[in-house]
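This report refers to the structure that appears directly beneath it.
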Amino acid sequence: MHDLPALLRRLGIDPDGVNPGLYVGSFSSASPKPPLASFAPRDGAPIASVSRATREDYERAVRSGEAAFREWRSVPAPVRGELVRQLGDELRRVKDDLGALVSLECGKILTEGRGEVQEMIDIADFACGLSRQLYGLSMHSERPQHRMFEQWHPLGTVGCITAFNFPVAVWAWNAFIAAVCGDVTLWKPSEKTPLCAVAVNRIVDRVLERNGRRGIMNCVIGDVPDVGEPMLDDPRIALVSATGSTRMGRIVGPRVAARFGRSLLELGGNNAIIVMDDADLSLALSAVLFGAVGTAGQRCTTTRRLFLHPAIAKRFTESLVAAYAKVRIGDPLDDATLCGPLIDADAVAGFRRALDEIRRQGGEVLCGGRVLDRPGFYVEPTIVRAPLGFAPSREEVFAPILYVFETATLDDAIRAQNDVPQGLSSAVFTDSVRRAETFLSPAGSDCGIANVNIGTSGAEIGGAFGGEKETGGGRESGSDAWKQYMRRQTCTVNWGTALPLAQGVSFRVE
Ligand code: UN1
């Protein structure tokens, strides 16, 4: 359908040569390492390649950022917001092309690829407004003629490690908020989606160059030991914002903490929807379908578990299986497709392993369960009926596998939902105010996101995004997530002629 080489060229990607893997206020392709090839999950074919940044490139990038930060931190925040506004405008212009590249390189369907670019545009608008609202507090001093307040200052360099499944939006959540906060960013994108990063950096470069601000958003595309790991131990990286698996978070969190750095972790999810007997079942069905099958089960917010009230369990499961049968699996660039491929062969192997284990432990596969025998990395969206506490359902597998359970009461469902190590997103479907509020109460869902009559995935940027327990505790994107990108300073000003001490302490020489 698309003229792919033309699409790549419009986005500043050379389909034939080696694209630069280093953006530090200038481009560079001169790497001694073999280029990194990017493959399209839809057919496994190579798309284009990118030079791999080295450990020395990382060093250049950090230095470039540090130099830019010395000026950027003193630029008025609303002026910083204006630059982010321009980035949003550029993204509006390339929305369809960049959305198509996201589909091509990470395999999500076109509407979701475009949606991801829209998420970047939304966070640009949010960050621009936020640049005039980085509010501090003022408090009443207990001492006469004293003023007390707190203010927020830029942190420095924010290291941003992103995953393949949101190859552009999660960077924007971090980079745009960090930019209005006066920080500089150093982006390490997933090696599985380097071309999305190249396309974004082409746009960023244009806007930074126009504003004379090259160096405030840098990017190193390369291997983890060269350009990812160094961030963890580097005291020049004030905040490491990392999205990925819980396994990765277990490495990042302690390493950054050991040097008293800050980390913001967005790790695994194991999200559930509870459907009660008084729910609008057609709403619930659409939500489960999008939550479980959308992005081929590769969102951290993907619906992985379903808790059904016994009165509707049979009917709802039947409708869901019927809906799954109608899902078109195929080329993500084809408008008729609802379920695209997994990212690569490893992901397919993970799906296979999970299904073997599910069968071995007695899970009942109601539909799907197979790997499709065609080029690319396609698997069937799968529904598994299992007893409560089924061990495989405690793990996040990045594939469209949905476990269905029956739970007699709302309390049982909430208990079962919370009984996993992860705590990202959750939802209840009910028309009862009492049940909805129970789910949202302190004794309800233990997740960072709790929804009523809305699924677990597809959050808007305006709220703080993130989760509890093994999800890592970080919050990105909207609300007051910006505070993690700044340092708080408490200030007391004495404008009087005496020096009274707090707490009534007297300390004087006669
Ligand atoms: C992710 O999967 O890492 O809520 C992020 C959502 C998207 C973000 C997902 N807005 O599904």
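Atoms within each ligand, like the ligands themselves, are counted from 1 in listed order. Counting begins at 1 with the first residue of the sequence. As the structure is a prediction and not an experimental result, all values here were calculated from the model.
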Salt bridge (charged side-chain N to carboxylate O under 4.0 Å, His left out) partners of Asp431, counting only residues at least two apart
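Testing Asp431 for salt bridge (charged side-chain N to carboxylate O under 4.0 Å, His left out), a comparison that skips the adjacent residues, returns none.
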Quick one: pull up NZ in Lys108 and CD in Gln298 and give me the separation to the nearest 0.5 Å.
9.0 Å
Under 4.0 Å between a Lys/Arg side-chain N and an Asp/Glu carboxylate O for Arg374 and Asp331?
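No, this pair does not count.
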Is the number of heavy atoms from other residues, nucleotides or ligands under 6.0 Å of Arg92 CZ greater than 12?
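Buried by this count: over 12 neighbours within 6.0 Å.
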Partners of Arg415 by side chain to side chain donor-acceptor pair (under 3.5 Å), sequence neighbours excluded?
Asp412
Using the salt bridge (Lys or Arg N to Asp or Glu O under 4.0 Å) rule, collect all pairs that involve residues 285-303, keeping only residues at least two apart or in two chains.
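Listed once each, the pairs are Glu112-Arg299.
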Taking any residue with a non-hydrogen atom under 4.0 angstrom from an atom of ligand 1, which ones do you get?
Glu119, Asn165, Phe166, Trp173, Arg299, Cys300, Thr301, Ser457, Gly458, Ala459, Phe465
